Amino acid sequence: MAPATRYDRFSVLLHWLMAALLLAQLGLGLWMVDLPKDNSGVRAGWFNVHKSTGMLLGLLILVRLGWAWLRPRIAPLALSPVKQRLAAWNHRLLYLLMLVAPLSGFLGSVFSQYPIRFFGARLPRLAAPWDMAKEVLSVVHLWAVYSLLLLIAVHLLAFVHHQFILKDQLIRRMR
Ligand code: HEM
Ligand code: HEM
């Protein structure tokens, strides 16, 4: 059987669901770190929302990676080998960062002094607070999310290039 020319429905659903959640999560993360550290609970509340959405994204990327491995192969684009390789590498790095971002956030929080809640439910403490590990993981989290932002920008520029310059209707593959 010839490979499909568009992504299957489940891949499309995961792509758009995660794109929306990731962009909201990146915006929330950048905004919440500047909230004042007072006793109002506002900062802690938004941090808890961020941690819950982040852990949900962490679970979704595991499903997505598993599905990307299992799903039937999709036909390559009619692009030069160089462009095909660039697109494939950008997708691989996006997958990697979509994994490292939630993992570093989660592990950093495991070593912090605050309990982790998943949409209200308090998770059991996995390790004693450890400032040094928390700080290292915060730096990893920061680098992962900034690299993710950069690669998403490259991905969006590629989309704009296909849509408005090449006019090759690439978006149909992800619809
Ligand atoms: C957070 C933002 C996004 C991430 C992390 C992301 C990630 C990915 C990844 C990993 C793929 C490879 C296919 C797969 O395995 O699912 C892909 C494909 C694709 N994405 Fe995105 N995406 C994002 C947002 C967008 C947006 C906003 C658009 C367009 C407006 C878009 C358009 C496409 C298209 C057209 C493809 C198919 C490319 C092909 O046929 O090879 N993506 N995306
Ligand atoms: C795909 C998932 C995630 C994305 C895109 C993301 C994004 C971000 C961004 C943009 C920041 C602000 C960085 C800064 O300016 O310092 C941030 C900070 C933070 N994130 Fe995430 N995050 C994700 C998952 C998580 C998870 C799962 C947790 C914890 C369970 C978490 C915990 C934190 C914490 C505690 C901060 C404050 C800075 C620090 O202590 O490291 N994040 N995140």
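Because the structure is a prediction, the values reported are computed rather than measured. Numbering starts at 1 and runs along the sequence shown. Order of listing sets the numbers, starting from 1, for every ligand and every atom in it.
- Taking 4.5 Å as the limit, every side-chain heavy atom of L86 sits out of range of all side-chain heavy atoms of L79.
- The shortest distance between side-chain heavy atoms of M98 and L22 falls below 4.5 Å.
- Within ligand 1, the atoms closer than 4.0 Å to a non-hydrogen atom of R71 are 14 (C), 15 (O), numbered from 1 in the order shown.
- If you check which protein heavy atom lies closest to atom 13 (C) of ligand 2, you get L142 CD1, 3.5 Å.
- For W31, the ring pair (Phe, Tyr, Trp, His ring centres under 6.0 Å) test picks out W46, with sequence neighbours left out.
- In this structure, the protein non-hydrogen atom closest to atom 39 (C) of ligand 1 is R173 NE, 3.4 Å.
- M32 CE, 4.1 Å is the protein heavy atom nearest to atom 34 (C) of ligand 2.
- Only protein atoms were considered; those of element N, O or S under 2.8 Å from atom 21 (Fe) of ligand 1 number 2.
- Between the side chain of Q113 and the backbone N or O of P129 there is no donor-acceptor pair closer than 3.5 Å.
- Every atom of ligand 2 with a heavy atom of L22 under 4.0 Å away is listed here by number and element: 1 (C).
- Across D38 and S40, no two heavy atoms sit closer than the pair OD1-OG, 2.8 Å.
- By the 6.0 Å contact criterion, CZ on R9 is open, its count of non-hydrogen atoms from other residues, nucleotides or ligands being 12 or less.
- Residues V110 and W130 form no side-chain contact, since every pair of their non-hydrogen atoms from C-beta on lies 4.5 Å or further apart.
- Per-residue contacts place L26 under 4.0 angstrom from the following atoms of ligand 2 (heavy atoms of the residue considered): 5 (C), 10 (C).
- Using a 4.5 Å heavy-atom cutoff, the side chains of V82 and R85 are not in contact.
- Remark: the backbone N or O of R172 is paired with a side-chain donor or acceptor of R6 at under 3.5 angstrom.
- With hydrogens left out, the protein atom closest to atom 37 (C) of ligand 1 is Y7 CE1, 3.8 Å, a heavy atom.
- For atom 21 (Fe) of ligand 2, the tally of protein N/O/S atoms lying closer than 2.8 Å stands at 2.
- R125 places a side-chain N or O within 3.5 Å of a backbone atom of A127 that can act as its donor or acceptor partner.
- Looking only at side-chain heavy atoms (C-beta outward), R64 and Y95 come within less than 4.5 Å of each other.
- Side-chain contact between L123 and M55 is present, with heavy atoms from C-beta onward closer than 4.5 Å.
- Looking at F106 and I116, their side chains come closer than 4.5 Å, going by heavy atoms from C-beta outward.
- Of the protein's non-hydrogen atoms, L156 CD2, 3.3 Å is the one closest to atom 27 (C) of ligand 1.
- Listed by number with element, the atoms of ligand 1 under 4.0 Å from a non-hydrogen atom of M98 are 5 (C).
- Contacts between R64 and ligand 1 below 4.0 angstrom, taking non-hydrogen atoms only, involve the side chain exclusively.
- In terms of protein heavy-atom proximity, atom 28 (C) of ligand 1 is closest to W16 CH2, 3.4 Å.
- Here the protein heavy atom with the shortest distance to atom 38 (C) of ligand 2 is V33 CG1, 4.2 Å.
- Looking only at protein heavy atoms, the nearest one to atom 41 (O) of ligand 2 is S138 OG, 2.9 Å.
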Evaluation steps, side-chain hydrogen bond (donor to acceptor under 3.5 Å, both in side chains), between R71 and S11: CA-CA 9 Å; R71 73 185 167 198; S11 298; 2.9 Å; yes

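- Neither the backbone nor the side chain of L137 comes within 4.0 Å of ligand 2, counting heavy atoms alone.
- Applying the ring pair (Phe, Tyr, Trp, His ring centres under 6.0 Å) test between H155 and each of H161, H162, H91 identifies H91 as the sole match.
- Residue contacts with ligand 2, taken as heavy atom pairs separated by less than 4.0 Å, involve K134 solely via side-chain atoms from C-beta onward.
- Nearest non-hydrogen protein atom to atom 14 (C) of ligand 1 is Y95 OH, 3.3 Å.
- Between the Q84 side chain and the L77 main chain, a donor and an acceptor come within less than 3.5 Å of each other.
- Members clustered with W16: Y7, V12, I74, F159, V160, F164, I171, M174, by chain and number, using a 4.5 Å side-chain heavy-atom cutoff among hydrophobic residues.
- Here the side chains of L97 and V145 are not in contact, with every heavy-atom distance at 4.5 Å or above.
- The closest approach between S109 and ligand 2 falls below 4.0 Å for a heavy atom of the residue.
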